[in-house]
Amino acid sequence: MTGKRSARPRGAAPFPTRDQVLEFIRESDAPVGKREIARAFRLAGPDRVRLRDLLKEMKEEGLLPERRRHRPAGALPEVTAIEVTTVTGDGDVMAAPLRWDGEGAPPPIRLLPERGRPPGVGDRVLARLSGSPDGTWTARTMKRLDRAPGRVLGIFSADTGGGPFGGRLIPTDRRARHEIAIPRGMEGEARDRDLVEVEIVPGKPLGPRLGRVAENFGSAAGPHSVSLICIHSHGIPHAFPPEALDEAARLEPASDDGRQDLRAVPLVTIDGEDARDFDDAVWAGADTAPDNPGGWKLIVAIADVARYVRPGRPLDLEALKRGNSVYFPDRVVPMLPERLSNDLCSLRPDEDRACVAAHLAIDARGRPVRHRFERAVMRSAARLTYEQVQRARDGDPDPATTPLLASVITPLYGAYTALAAARADRETLELDLPERQIRLDEAGRVTDIRAAPRYDSHRLIEEFMIAANVAAAEHLAHRGKPCMYRIHEPPAADGLETLKLALRDMGVPLPASGLRPADLNRILAQTAGLPQGRTIHELILRAQSQAAYSPENRGHFGLALPRYAHFTSPIRRYADLLVHRAIVGGLAESRAGSRGDGLPAGAEGAMRDWGERISSAERRAMAAERDAADRYMAAFMQDRIGAAFDATVSGVTRAGLFVTLVENGASGLIPMSRIPDARFRSRSGRRRSGAANRNLAVQIGETVQVRLRDAVPVTGGLLFDVLEGGKTPKHRRKRQAESGRK
């Protein structure tokens with residue numbers, strides 16, 4: 001048989017894993033069966049029986065088709081194993097196939113509702129799939145593949161009554177409906193209100209679930225308990241292996257040998273006040289080239305992380321495993337150890353640092369004219385904050401920005417004005433959903449939650465980074481080099497359905513086809529002054545396709561760009577590190593050249609797998625960060641239980657109404673059982689809900705008044721009661737007024 005590679009060296013070989021079998025099948029040029037697999041892995045006797053059983057299990061799990069000779073295809077099979085990737089604000093459970101060998105990202109799959117607890121993010125099920133002509137997929141659960149987890153994180157509640165149980169575990173996962181009993185003697189050193197991880201132990205079939213305390217993280221009231229819960233709940237790797245730390249400790253600063261010298265250029269870093277790592281610096285000046293009147297020259301210098309993190313070494317393997325840094329209000333789980341992120345690769349003022357510099361030229365309307373990349377050595381002229389730069393621009397410079405105002409800050413804003421014009425010309429999607437800023441005291445308690453300020457200085461840095469990212473993608477594409485693109489495809493038809501229905505009720509049309517960012521901007525402008533305006537922003541955000549990383553360019557819908565890659569943050573994103581390696585690997589003709597820190601051999605064939613892994617890691621990080629924000633919000637709202645709030649309906653599901661508070665953006669649920677009509681029902685297909693006796697009718701975007709009934713920081717859940725709102729039919733209003741009913 002041709003096209004197969006030798007899977008094992010001569011001599012005794014270990015029994016293959018599922019992944020090894022699938023890899024062998026995937027890399028074979030022709031269909032293979034049990035005989036070819038056994039021959040490739042040199043299995044004989046009892047091992048062939050084990051292989052037969054393994055292939056049978058893999059078929060049952062949907063990893064292999066039912067036919068005898070296996071060859072995974074790009075099309076989704078009728079029955080396959082899928083993993084839940086997200087639960088939308090409307091309660092839709094979205095999933096992706098565990099195995100996908102088609103072109104590009106796998107199609108999203110909507111899991112149909114089922115009885116009992118719906119699967120949560122990370123759960124895996126064996127499902128029967130159904131496709132529709134418009135390319136959308138739905139799935140019906142056949143069986144759960146991931147049963148009860150082996151370990152559960154939660155709060156230990158001690159029982160001092162002398163019964164058979166030493167306590168119980170209150171799970172931190174809001175989807176968990178049942179507590180876990182801890183038999184006396186299995187609680188270890190856990191004390192009341194400690195954050196612990198419990199290992200499930202066998203119990204009686206009809207009795208409570210039993211567990212044994214396996215690990216104790218200390219008091220749940222501790223200053224870092226929220227982020228610790230999120231780290232463990234979402235499986236965020238947070239402890240660096242000793243070999244990675246040892247490698248980082250042995251690193252020496254890069255020499256300037258063979259690098260361009262940019263130390264005389266007044267590059268500056270502009271970050272938030274609490275930033276600790278500074279991996280990008282910027283400079284701008286007028287372009288004096290005669291063919292570019294009114295144009296600008298830009299330099300975006302990025303820490304040369306590829307110089308230190310070499311392919312295949314412990315630091316690289318751990319960085320790929322993490323995929324990105326994860327940011328919580330009280331801590332950062334970095335992709336790289338502090339020796340790199342806060343030292344060697346941090347562009348601190350007045351210190352020589354190795355960098356990869358993007359030299360860009362743009363015209364007076366911000367359109368790219370030319371670019372080039374080089375390895376260089378730089379010395380930051382200042383570490384500035386967004387607030388400092390904005391105050392200086394507004395006429396109130398401080399001692400740090402005064403000497404830089406004319407020579408550095410003013411040209412930066414000049415170039416930004418041009419880039420902003422180019423952005424307007426492209427008609428990018430302009431969503432305005434302010435980020436929540438969570439403030440903590442020294443004890444880790446929430447003191448305030450407010451919308452983060454948004455200055456032109458923020459937008460300036462964003463536009464400089466976008467320009468450098470576009471140049472990186474163009475640079476690699478034009479040279480035929482592998483590139484890890486940042487792709488964002490147009491919204492899928494099913495994702496737009498909720499938005500379309502909400503807009504229809506408001507009399508705002510949505511194009512039937514050929515949707516562009518400009519069309520969504522028009523809708524945002526039309527609904528800006530309405531009470532539903534914020535909800536429309538959120539619905540448009542929910543309708544967007546999931547951005548991802550892929551070696552196959554599919555453009556960026558939101559930024560209205562035909563080609564885009566992430567280049568500017570290799571300290572905190574593995575995708576950027578791959579782009580750096582591709583660029584420096586192509587600089588062999590320069591003085592610095594590639595020193596074994598470019599893309600490794602065989603990288604082109606591995607790019608798709610890397611893209612899937614880091615895209616998954618990004619989704620994991622986003623879920624953990626969102627989870628932490630919800631928990632902090634619940635803690636902040638605990639003191640306001642019983643208070644009334646104005647809210648907008650953000651989702652209508654069988655579980656009840658999801659609402660978002662106007663005051664601070666907190667989101668929670670009005671359970672179906674708390675709506676003042678037991679027969680309240682959801683009118684499927686309309687995203688509108690109405691009571692059977694027609695006392696109450698609400699739809700997405702409408703304003704309601706709610707009362708906070710419960711706030712649970714352990715799970716991050718908020719529960720509300722509805723006081724009034726929606727639309728009450730006229731023939732009911734008089735009767736309600738007479739009877740005093742609300």
(message) Run the salt bridge (charged side-chain N to carboxylate O under 4.0 Å, His left out) test on Glu387 and Arg391 for me, step by step, so that the C-alpha distance in whole Å, both residues' side-chain angles and the decisive distance to 0.1 Å come before the verdict.
(response) CA-CA 6 Å; Glu387 292 79 5; Arg391 285 196 301 267; over 6 Å; no

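- Nearest heavy-atom pair across Thr660 and Gly665 is CG2-O, 3.7 Å.
- Checked against salt bridge (Lys or Arg N to Asp or Glu O under 4.0 Å), Glu435 has no partners two or more places apart in sequence or in another chain.
- Annotation: side chain of Asp279 is not in contact with side chain of Ser346 (no heavy-atom distance under 4.5 Å).
- Between Phe567 and His580, the ring planes are parallel. Angles under 30° get that label, and only those over 60° would be called perpendicular.
- Enclosure of atom CZ in Arg436 by more than 12 non-hydrogen atoms of other residues, nucleotides or ligands within 6.0 angstrom is indicated.
- Remark: of the listed residues Asp597, Asp316, Asp576, Asp316 is the sole one forming a salt bridge (Lys or Arg N to Asp or Glu O under 4.0 Å) with Arg581.
- Between Asp627 and Arg631, at least one side-chain N (NZ, or NE/NH1/NH2) sits under 4.0 Å from a carboxylate O, which counts as a salt bridge.
- In this structure, Arg353 and Phe278 have side chains that are not in contact, with every pair of non-hydrogen atoms separated by 4.5 Å or more.
- Formation of a donor-acceptor pair under 3.5 Å by the Glu199 side chain with backbone atoms of Arg212 is not found in this model.
- The aromatic rings of Tyr386 and His458 lie parallel to each other, their planes meeting at an angle below 30°, with 60° marking the opposite boundary.
- Taking 4.5 Å as the limit, every side-chain heavy atom of Val196 sits out of range of all side-chain heavy atoms of Glu187.
- Residues Met94 and Gln546 form no side-chain contact, since every pair of their non-hydrogen atoms from C-beta on lies 4.5 Å or further apart.
- Contact between His232 and Leu153 at its shortest, heavy atoms only, is CB-CD2, 3.7 Å.
- Applying the salt bridge (Lys or Arg N to Asp or Glu O under 4.0 Å) test to Asp274 and every residue at least two apart in sequence or in another chain returns nothing.
- At a threshold of 4.5 Å between non-hydrogen side-chain atoms, the residues Val326 and Arg620 do not count as touching.
- If you take CZ on Arg339 and CG on Leu245, they are separated by 12.5 Å, rounding to the nearest 0.5 Å.
- For the 3.5 Å distance criterion, the side chains of Thr535 and Ser650 fail to qualify, holding no donor opposite an acceptor.
- Looking at residues two or more places apart in sequence or on another chain, you find no salt bridge (Lys or Arg N to Asp or Glu O under 4.0 Å) involving Glu243.
- Within the 4.5 Å cutoff, the side chain of Val446 has heavy atoms near those of the Leu440 side chain.
- Side-chain atoms of Arg573 and Glu618, non-hydrogen and from C-beta on, never get closer than 4.5 Å to each other.
- If you look at His224 and Phe328, their ring centroids are not closer than 6.0 Å.
- At a cut-off of 3.5 Å, with distance as the only test, a side-chain donor of Ser227 or Asp330 sits close to an acceptor on the other residue.
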